[in-house]
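Given the structure is predicted, the values throughout are model-derived calculations rather than measurements. Side chains included, hydrogens not; waters and symmetry mates left out as well; all remaining heavy atoms used. Residue numbering restarts at 1 for every chain, and letters A, B, ... go by the order of the sequence lines.
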Amino acid sequence: MKVRYWLLDINYGVIAGNIPEIRMWGVTPENERIVVLDRSFRPYFYVLPIRGYDPEKLAEKIKNMFSTKILACEVVEKRFFGKPLKVVKVICQVPPQVPELREDIKRIRGVEDVYEADIRFYMRYMIDNGIYPSSWNEVEAEELEKTVFRWNVDRVFLAQGPPKPLQLSRLPPLRVLAFDIECYNPRGSPNPEIDPVIIISVKTNKGDEKLFTARDHEDYLVIKEFVNEVQRFDPDVIVGYNSNKFDWIYLLERAKKLRIKLNIARNNEEPKQSVYGHFSIIGRANVDLYDLAEEMHEVKVKTLENVAEYLGVMKKSERPLIEGTEIYKYWDDNNLRKTLMEYALADVRSTLGLSDKILPFMIQLSSIVGLPLDQIGTASVGRRVEWYLMRSAFEYNELIPNLEERPHVSYKGAIVLEPKKGLHENIAVLDFSAMYPNIMIKYNISPDTYVEPFETIEEEKVYITPEVGHKFRKYPDGFYRKVLSRLLEAREKIRSQMKRLDPRSLEYRILDERQKALKVIANATYGYCGWTGARWYKREVAEATTAWGRTIISETIKMARKIGLEVIYGDTDSIFVKNVPEKVERLIEMVKERFGLRIKPDKIYIRVFFTEAKKRYCGLLPDGRIDVVGLEAVRGDWSELAKEVQEKVIEIILKYGDPFKAVDYVKSVIKKLERGEISISKLIIWKTLSKDLDKYEAHTAHVVVARKMVQAGIRLHKGDKIGFVIVKGASQRISDRAEPYFLVKDFSLIDVNYYIEKQVIPAALRILGYFGIKESLLKSNKKQRSLYDFFQ
DNA sequence: GCCTTGAAGTTACCG
DNA sequence: ACCGGTAACTTCAAGGCG
């Protein structure tokens with residue numbers, strides 16, 4: 001019979017000692033949970049003979065040497081960076097043989113290298129069959145007696161043929177379960193050896209909401225009940241926030257200690273750590289929403305509360321907030337315990353709410369690049385691009401290059417213009433759409449079209465890169481040209497489909513997430529090819545792309561000036577010009593004519609302000625909104641107070657053009673600060689711990705504070721944000737006077753002077769300095785409202 | 001020994 | 001663990017001065 005299913009998870013097992021069995025865990029349109037087994041697929045890899053070595057002979061040799069381990073050995077035609085070649089395909093019995101044989105075969109005389117021996121078996125299976133996770137598939141299969149397997153599924157099937165992809169954009173009715181744990185932690189960070197899990201909160205997308213709580217410090221039942229609840233609800237997706245780096249590790253350790261089996265997978269196993277450090281729960285997708293939150297650069301301190309507020313899931317003002325180190329106090333105090341319960345509930349509600357916002361995008365990303373849903377978040381941006389490329393390589397019969405360690409080589413990037421400082425009115429911002437992908441397509445820039453300097457080739461057959469001189473064949477189409485064109489075309493197609501849909505419809509939402517995912521992959525491809533960790537790394541490719549970019553933007557600026565358009569600023573793929581509609585139109589046409597590339601008016605600023613610095617400006621939009629770019633107000637490492645002041649100053653300047661009004665405002669803030677009328681929370685400065693604590697040479701404030709936190713028993717990791725405030729003290733060094741923010745409750749300890757001189761004033765002066773305002777004016781007590789006073 | 005200066009280290013931003 | 005370009009801050013040691 002034909003079986004249709006949405007592929008949720010995939011793994012494999014070995015049965016009868018030597019038969020690999022692919023297991024595809026899916027959801028059917030009839031809302032059943034199924035597993036489809038395929039016992040017909042075998043692992044394999046390729047062996048490239050050294051130059052001049054007969055591949056047939058090599059195949060024969062390998063066959064003889066490893067006759068007991070190898071199922072078959074055949075010569076196949078492939079391409080490698082576009083060049084046709086013959087390789088030996090070595091087919092093995094079971095997947096664990098691959099890494100073993102790879103090493104043995106590498107050492108054989110006549111072998112140049114081994115390829116595609118590092119692709120996990122289930123990924124190999126999906127690639128070869130052209131099927132994708134998080135999408136619909138169809139397979140001819142017979143149903144097996146499910147009781148034989150004792151797995152938690154409705155039905156089990158055995159594939160009779162290869163699965164095929166189905167083009168359907170709707171989603172199955174997925175069951176989602178969110179969870180969150182709270183641990184007892186009287187000494188800073190909790191230790192699973194001794195500290196119990198005091199609360200596990202659970203919420204499902206079917207409306208269940210449960211708290212499992214410890215009896216004082218006894219958590220056996222908490223974990224047991226959680227396991228029961230997961231088994232009862234039988235979720236397809238389990239979501240958590242930082243669950244891969246905390247909750248699962250803690251729960252597993254705790255469960256081990258208490259001799260509880262955390263058997264929540266659909267094959268009754270425990271979650272186990274897998275490829276990118278995530279926990280795999282067989283048959284379900286274990287998704288850590290923190291991974292995607294990390295990519296949301298608009299939120300500076302990525303706590304669950306902050307991300308939930310940013311995405312409109314839950315306001316911080318509508319939920320209890322408890323400092324991590326204080327949790328145990330709330331547990332021990334009978335009056336406060338209720339608040340902790342509310343806190344745990346708010347966390348799990350936020351987590352489930354977050355999944356509504358984030359999962360649809362992850363699902364599309366998963367179905368485009370081909371990584372299972374539980375791996376998509378943990379894979380780096382580069383690896384996501386790469387999986388997409390690996391899929392494409394298979395389709396084009398291209399050999400996948402091996403991972404290599406390479407030294408870093410830098411190259412020249414984009415151009416940034418010196419801005420014309422000051423206030424400008426009515427400015428149009430013109431952007432090249434998808435500049436780098438389009439450059440790569442247009443000039444056929446790709447590792448497989450690259451012509452080495454020593455190769456001789458007629459000039460008409462190549463594109464020669466300006467400045468750097470790299471040559472790329474005009475034909476045939478390079479790998480990147482093919483891949484990028486497909487991505488961009490797919491996106492355009494979806495966008496035109498969307499125009500016919502109701503923006504409130506589910507399908508519209510799905511397509512919108514899909515087009516966003518396609519855009520993300522296309523835009524990351526340039527960065528990918530200049531990344532030394534990339535399989536398809538080629539410095540010249542990245543270098544040529546930016547070189548063309550520089551030429552194109554420079555020429556565009558010249559053309560603008562030639563037709564009398566004043567250029568105020570430009571960065572990489574954008575130019576800021578005086579908004580003269582006829583001239584702007586003409587420029588767009590000229591660019592199209594000259595380069596075959598599209599530039600579009602992205603936005604218009606009624607007023608825009610530049611300091612002398614690049615990459616920092618602010619502008620007033622027609623609808624009254626204000627853009628702040630690069631300035632302190634949008635940086636995560638300035639105090640909220642300084643950012644707020646700058647934002648207000650910008651608003652006053654852009655809307656009313658009155659620096660003195662801004663001065664009065666700044667002075668009023670300074671007065672409040674002096675009187676202690678500002679909340680300490682607005683004085684916190686956050687900085688990321690970007691490496692291990694012992695690797696720092698410099699004694700910066702956040703490093704010093706981080707060391708103090710570690711002393712206090714708080715476990716810190718690379719990537720953690722350190723929040724501190726500056727307090728009064730004898731030392732000149734700021735780092736000596738930095739304290740963890742949660743230890744400073746009394747405002748009288750705060751070094752108000754620091755906040756005035758090093759936070760508020762610099763942030764305000766960044767803007768007001770241009771208008772001739774001096775620091776002394778901001779600090780003076782005299783009121784002054786006019787130009788006359790100013791010049792006195 | 002004190003003050004100035006600039007390099008080095010560091011973070012976070014832009015596109 | 002995607003790129004280079006850029007601004008800005010703090011620390012720290014060298015250099016200038018007396």
- Validation row: A:P437, A:T525 side chains within 4.5 angstrom (heavy atoms): no
- Query: Is A:R539 touching bases, backbone alone, or none of the nucleic acid, heavy atoms closer than 4.0 Å?
  - Reply: nothing
- Task: On the 0 to 90° scale, with breaks at 30° and 60°, tag the A:Y411-A:Y526 ring pair as parallel, tilted or perpendicular.
- Result: perpendicular
- Closest non-hydrogen contact found for A:Y290 with A:N242 is CB-N, 3.4 Å
- Query: Heavy atoms under 4.0 Å, any strand shown: does A:A524 hit a base, just sugar-phosphate, or nothing?
  - Reply: base
- A:K482/A:D448 ion pair, N-O < 4.0 Å: no
- Message: Expected output is a numbered-order residue list: members of residues 626-639 of chain A with a heavy atom under 4.0 Å from any atom of DNA chain B. What is it?
- Response: A:V629, A:G630, A:V634, A:R635, A:G636, A:D637
- Query: Hey, does A:K718 reach any base, or is it just sugar-phosphate, or nothing, if we go heavy atoms under 4.0 Å?
  - Reply: nothing
- Determine the interatomic distance between P on C:dA1 and the same-named atom on B:dT10; round to the nearest Å. 15 Å
- Query: Is it true that A:K558 and A:E555 make a salt bridge, defined as a side-chain N closer than 4.0 Å to a carboxylate O?
  - Reply: yes
- Message: So A:H702, base contact, sugar-phosphate only, or nothing? Heavy-atom distance under 4.0 Å.
- Response: sugar-phosphate
- Under 4.0 angstrom, heavy atoms only, what part of the nucleic acid is A:G413 near: base, sugar-phosphate, or nothing? sugar-phosphate
- Query: Can we say A:D571 and A:K615 salt-bridge, meaning some charged N sits less than 4.0 Å from an Asp/Glu carboxylate O?
  - Reply: yes
- Under 4.0 Å between a Lys/Arg side-chain N and an Asp/Glu carboxylate O for A:R384 and A:E295? yes
- Task: Name the nucleic acid region contacted by A:S735, choosing base, sugar-phosphate or nothing; use a 4.0 angstrom heavy-atom cut-off, strictly under.
- Result: sugar-phosphate
- Member of A:L631, A:V628, A:V634, A:V629 meeting the side chain to side chain contact (heavy atoms under 4.5 Å, CB included) criterion with A:R616: A:L631
- Can you tell me how far P of B:dC13 sits from OH of A:Y617, to the nearest Å? 15 Å
- Item | Pair A:R635 + A:E632: basic N to acidic O under 4.0 Å | no
- Task: Answer with base, sugar-phosphate or nothing: what part of the nucleic acid does A:S410 contact at a heavy-atom distance below 4.0 Å?
- Result: sugar-phosphate
- Query: A:E697 CD to B:dT11 P: how many Å, rounded?
  - Reply: 11 Å
- Query: How would you label the contact of A:T525 with the nucleic acid (heavy atoms, under 4.0 Å): base, sugar-phosphate, or nothing?
  - Reply: nothing
- Message: What is the first contacted nucleotide of DNA chain C and what is the last, in 5' to 3' order, if contact means an atom lying under 4.0 angstrom from a heavy atom of chain A?
- Response: C:dA1 to C:dC12
- Looking across every strand, which nucleic acid part, if any, lies under 4.0 Å from A:Y436 by heavy atom: base, sugar-phosphate, or nothing? nothing
